[in-house]
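Keep in mind it's a predicted model, so treat the numbers as computed, not measured. We count residues from 1, following the sequence as given.
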Amino acid sequence: QVQLVESGGGLVQAGGSLRLSCVASGRFGSYAMGWFRQAPGKEREFVATMNWSDEYTVYADSVKGRFTASRDNAKNTVYLQMNSLKLEDTAVYYCAANYATSRYAYAYDYWGQGTQVTVSS
């Protein structure tokens, strides 16, 4: 069993940066982690996924080169550094845990409650 709690969301101007954190309880170190987001009226969208050792990370094309996912297993924490934010990045961001990396939300067993990111012009 893994419990996930996201933080770090907020309001930021376009072009700015935010860093999201996701703190996990339980056997965090053995899980692959994912970041997803959901904008109002839209389906949940893949952002990034990384394996347990942070040696393999995949990004959605829409965030590649702007977002960086990382993890600190000693702190049971994963991060999403978001730079050069755009209006279309506005969404609720979720972290999720799974036994293997995946782009698909249905593959993840555990989810956090989400944190709101709003990008303004």
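A donor-acceptor pair under 3.5 Å links the side-chain atoms of Thr49 to the main chain of Met33, judged by distance alone. The backbone N or O of Ala69 lies less than 3.5 Å from a partner atom in the side chain of Tyr59, making a donor-acceptor pair. Remark: side-chain polar atoms of Thr115 are paired, donor with acceptor, to backbone N or O of Gly9 under 3.5 angstrom. Between the side chain of Ser62 and the backbone N or O of Ala60, no donor-acceptor pair lies under 3.5 Å. With Gln113 contributing its side chain and Glu6 its backbone, the two residues share a donor-acceptor pair below 3.5 Å. Not one N or O on the side chain of Gln3 forms a donor-acceptor pair closer than 3.5 Å with the backbone of Ser25.
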Check: For Arg37 and Tyr94, what are the C-alpha separation, side-chain angles and deciding distance, and is it a side-chain contact (heavy atoms from CB on, under 4.5 Å)?
Finding: CA-CA 6 Å; Arg37 65 187 182 185; Tyr94 300 88; 6.0 Å; no
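In this structure, Gln116 CD and Gln38 CD are separated by 11.0 Å, a value rounded to the nearest 0.5 Å. Here Tyr79 contributes atom OH and Arg19 contributes atom CZ; the two are 5.0 Å apart, rounded to the nearest 0.5 Å. If you take CZ on Phe67 and OG on Ser84, they are separated by 9.0 Å, rounding to the nearest 0.5 Å. Separation of atoms OG1 (Thr68) and CE (Met50) is listed at 10.0 Å; rounding is to 0.5 Å. Note that the CG atom of Asn98 and the CH2 atom of Trp111 stand 9.5 Å from one another [nearest 0.5 Å]. If you take CG on Leu87 and OG on Ser120, they are separated by 7.5 Å, rounding to the nearest 0.5 Å.
Nearest heavy-atom pair across Ser17 and Asn83 is OG-OD1, 2.9 Å. Closest heavy-atom contact between Gly114 and Val92: CA-CG1, 3.8 Å. When all heavy atoms are compared, the tightest approach of Ser30 to Trp52 is C-CB, 4.1 Å. The minimum heavy-atom distance between Thr90 and Ala39, with the atom names listed, is O-CB, 3.7 Å. Minimum interatomic distance between Val2 and Ala24 (heavy atoms only, all atoms of both residues): CG1-CB, 4.1 Å.
Remark: aromatic rings of Phe36 and Tyr108 are close, center separation under 6.0 Å. Taking the ring centroids of Tyr31 and Tyr99, they lie under the 6.0 Å cut-off.
Contact check for Gln81 versus Ser70: no side-chain heavy atoms found under the 4.5 Å cut-off. You'll find the side chain of Leu18 reaches within 4.5 Å of the side chain of Leu85, heavy atoms only. Leu20 has its side chain within reach of Met82: a pair of non-hydrogen atoms, C-beta onward, lies under 4.5 Å apart.
Electrostatic pairing of Asp89 and Lys86 does not count as a salt bridge here, judged by no charged N lying under 4.0 Å from a carboxylate O.
Hydrophobic clustering (side-chain heavy atoms under 4.5 Å, transitive across Ile, Leu, Val, Met, Phe, Trp, Tyr) keeps Val63 apart from Tyr56.
There is no side-chain donor-acceptor pair under 3.5 Å between Asn51 and Thr101.
Crowding of Gln13 atom CD: a count of heavy atoms from other residues, nucleotides or ligands under 6.0 Å not exceeding 12.
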